[in-house]
Protein chains: 2
Amino acid sequence: MAGIREMKKQQTRKAIMQAAVRLFNDKGFENTSIEELARAAGIGKGTIYSYFRTKSDILHAFCEDELVCLHQELTTHADQELPFLKQMVAIYMTEFRMITENREFGRLFLQQTAFPRTVDLKKHRENEDNYFRLLFPLLEKAQERGELRKDIELLSVTGHFYGLYLLLVSAWFTGWVTTDEAESTLETLFRQALEGLQPHPASTSAEGKRHA
Amino acid sequence: MAGIREMKKQQTRKAIMQAAVRLFNDKGFENTSIEELARAAGIGKGTIYSYFRTKSDILHAFCEDELVCLHQELTTHADQELPFLKQMVAIYMTEFRMITENREFGRLFLQQTAFPRTVDLKKHRENEDNYFRLLFPLLEKAQERGELRKDIELLSVTGHFYGLYLLLVSAWFTGWVTTDEAESTLETLFRQALEGLQPHPASTSAEGKRHA
DNA sequence: TATAAAAGTTGACTGCAGTCGAGAATATAG
DNA sequence: CTATATTCTCGACTGCAGTCAACTTTTATA
């Protein structure tokens with residue numbers, strides 16, 4: 001009877017996640033203890049650790065679920081006819097909004113995502129795969145439409161955009177960029193990355209000095 | 001007598017730092033307790049907290065000292081006649097090497113530097129100021145030599161390079177890039193950022209398809 | 001030099017993340 | 001249905017980061 005156990009496990013996992021979302025929102029991540037969370041989920045403290053390796057793993061699992069949803073929604077519903085630049089801004093701004101919605105959530109999530117512990121790498125890889133599966137088609141289309149060089153690996157291209165996204169978020173956390181400025185900042189950075197930072201050779205060099 | 005106190009404080013601070021470097025190197029950051037560290041420095045546990053706000057602050061202070069030294073050394077001794085691209089690669093690779101020398105040191109340092117807590121922002125700002133003071137002259141020289149567009153704010157330019165640096169480090173932590181590959185990867189990314197990701201308009205568009 | 005105020009030090013104490021062995025619940029075998 | 005193996009659950013326990021009120025040392029004042 002391949003089921004009673006498996007069903008209970010799913011239930012318990014869900015109970016933990018639900019209690020976590022509620023408590024973390026009510027009192028914040030730091031102010032919620034594992035014992036409290038266990039009580040709220042109707043289980044013992046130790047049990048939590050057979051579902052999640054650490055406290056922040058719980059937060060992390062929640063963020064990842066949300067992000068996967070958002071990504072999927074975006075790329076299936078996104079306007080494929082928009083200029084490539086706009087598409088990329090739309091995608092990363094969605095991610096940005098989710099991350100910055102709750103400062104502490106976002107900070108912990110990013111710290112783990114950008115600079116993960118060796119031990120967390122396996123999960124990380126899955127997420128990266130998803131990420132590439134979603135972005136590559138867009139990049140290929142952009143190449144076909146002549147909006148993107150064909151002599152650069154797609155992996156590099158995603159790197160450039162992801163790097164600038166990390167920069168934006170970092171700038172937000174350090175106060176350089178406010179929530180309101182974020183979108184236009186990101187668009188500017190992305191445009192500059194597409195155009196290049198060095199003056200255009202020959203014919204276009206004059207154009208490069210537009211707004212001094 | 002404006003001194004006995006101040007002198008002792010400097011001594012104590014140095015003692016803590018020295019003990020920390022030794023213990024963290026011997027047994028690792030996680031495996032060294034504050035109590036141990038206090039004993040090694042010949043002071044009481046509580047005293048440490050009147051010099052450093054948290055345990056990782058100690059690590060952080062050490063990393064920052066090192067980085068400031070490195071930066072200063074680099075920009076004063078750097079070969080000003082090297083192409084701009086090479087200069088930037090040299091600077092960020094030095095930072096990269098320091099960060100990746102000890103995985104755990106680097107991870108904690110970056111997590112705090114890129115995505116700091118609100119409470120740590122003040123110190124952070126100082127470091128950023130230093131960073132800009134060192135980079136801006138190089139960028140201005142590059143602009144004069146025609147290696148860099150003049151219609152982009154220098155702040156944005158540093159952003160682009162810093163973003164790619166963050167990307168490189170992130171890629172190292174996630175295993176995408178090995179220590180050996182780092183330098184050539186960074187150089188490629190920086191070159192692409194300078195050239196731009198989109199095909200060059202008109203005259204240069206054919207050239208853009210060099211290595212498919 | 002005596003005394004009060006300020007600054008610095010201390011380790012016992014608190015609270016919490018994460019462990020572990022004992023025991024309950026479920027599955028499997030005879 | 002009973003016996004045994006396996007998997008899951010639990011909370012008492014451990015170890016450590018960080019606090020705090022009592023205490024010590026330095027400085028300021030007279």
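Quick note on labels: first sequence line is chain A, next is B, and so on, each numbered from 1. These numbers were taken from a predicted model, which means no experiment stands behind them.
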side-chain N/O Lys8(B) vs dT26(D) OP1/OP2, d < 4.0 Å: yes
Sugar-phosphate, base or nothing in reach of Tyr51(A), heavy atoms under 4.0 Å: sugar-phosphate
Protein-nucleotide distance (Ile48(B), atom CD1; dG18(D), atom P), rounded to Å: 11 Å
Sugar-phosphate only, base, or nothing, as touched by Lys45(A) at under 4.0 Å among non-hydrogen atoms: base
Candidate nucleotides dT19(D), dC8(D), dT9(C), ranked by approach to the side chain of Thr12(B) - the nearest: dT9(C)
Sugar-phosphate, base or nothing in reach of Thr32(A), heavy atoms under 4.0 Å: sugar-phosphate
Phosphate-side-chain proximity, Thr47(B) and dT10(C), N/O vs OP1/OP2 below 4.0 Å: yes
Under 3.5 Å donor-acceptor, Glu36(A) side chain and Ser33(A) backbone: yes
Any Lys55(B) side-chain N or O less than 4.0 Å from OP1/OP2 of dG18(D): no
Glu101(B) atom CD, neighbour heavy-atom count above 12 within 6.0 Å: no
Check: dT25(D) base within 3.5 Å donor-acceptor of Arg5(B) side chain: yes
Salt-bridge present (Arg39(B), Glu35(B); N to O < 4.0 Å): no
Between C1' of dC13(D) and CD1 of Ile34(A), the distance in whole Å: 17 Å
Parallel, tilted or perpendicular: ring planes of Tyr131(A) versus His71(A), cut at 30 and 60 degrees: tilted
